[in-house]
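Remember, it's a predicted structure, so these values are computed and weren't measured experimentally. The first residue in the sequence is number 1, and the count goes up from there.
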Amino acid sequence: MRMRLTGLLALPLAMAASAALAMTPSQVVAHHVAMMKKGDLPAIMSDYATNTVVIAPPGLVRGQSAKGVGVFVGSVDARRVFATLTDKDHHPGVRTMETRISPGGVDIARLKWVQFKGTPQQVSGEDIFVVRNGKIAYQAILVDPAH
């Protein structure tokens, strides 16, 4: 009986893991956005593959050049991007941003976003995500040129 219970307890864990893998790219990105708005850095990073690549606009992250994009390879390096976006200077815009997620293909999701809509501080852009096995493998953060 004890072994049967152990097996039954393992089933929900296996089902949860399977459900995570079954999430569409749009669902993964929706979770990412919700955690960004909360400012929950560990939850944000749980959406990323360990070998993720994140492309960020020039000068976004401290120490990053103001010329040319930043390329952050691996979840430890990518964490710098999201630590910046959830810090006291950036999080107000992230927390209140308007978003629209759309599928872009089998493993791609597009996120259009606007921060501070209708104000002089308005910033908008689009992020492109590649999601593999329920984790973000690649993200490009593209800010509209007018900003």
If you round to the nearest 0.5 Å, how far is [atom2] of [Y] from [atom1] of [X]?
X: Tyr48; Y: Gln139; atom1: OH; atom2: CD; value: 3.5 Å
X: Met23; Y: Asn133; atom1: CE; atom2: CG; value: 13.0 Å
X: Glu126; Y: Lys112; atom1: CD; atom2: NZ; value: 4.0 Å
X: Thr96; Y: Lys37; atom1: OG1; atom2: NZ; value: 8.0 Å
X: Ile55; Y: Tyr138; atom1: CD1; atom2: OH; value: 4.5 Å

Heavy-atom side-chain proximity of [X] to [Y] below 4.5 angstrom:
X: Met35; Y: Met45; value: no
X: Leu85; Y: Leu60; value: yes
X: Val33; Y: Trp113; value: no
X: Thr86; Y: Val94; value: no
X: Ile44; Y: His32; value: yes

### Task
For a side-chain contact (heavy atoms from CB on, under 4.5 Å) with Phe129, tell me which candidate from Leu111, Val54, Ile108 qualifies.
Leu111
Can you check whether [Y]'s main-chain N or O pairs, donor with acceptor, with [X]'s side chain at less than 3.5 Å?
X: Arg80; Y: Arg62; answer: yes
X: His90; Y: Ala83; answer: no
X: Lys135; Y: Ser46; answer: yes
X: Ser124; Y: Asp144; answer: no

Same cluster for [X] and [Y] if Ile/Leu/Val/Met/Phe/Trp/Tyr side chains link at under 4.5 Å?
X: Leu142; Y: Val81; value: no
X: Ile136; Y: Val69; value: no
X: Val61; Y: Val143; value: yes
X: Met36; Y: Ile141; value: yes
X: Val130; Y: Val53; value: yes

Can you name the closest pair of heavy atoms from [X] and [Y] and give their distance?
X: Ser26; Y: Ser102; result: OG-C, 4.0 Å
X: Pro92; Y: Phe116; result: C-CZ, 4.2 Å
X: Arg132; Y: Ala137; result: CG-CB, 4.2 Å

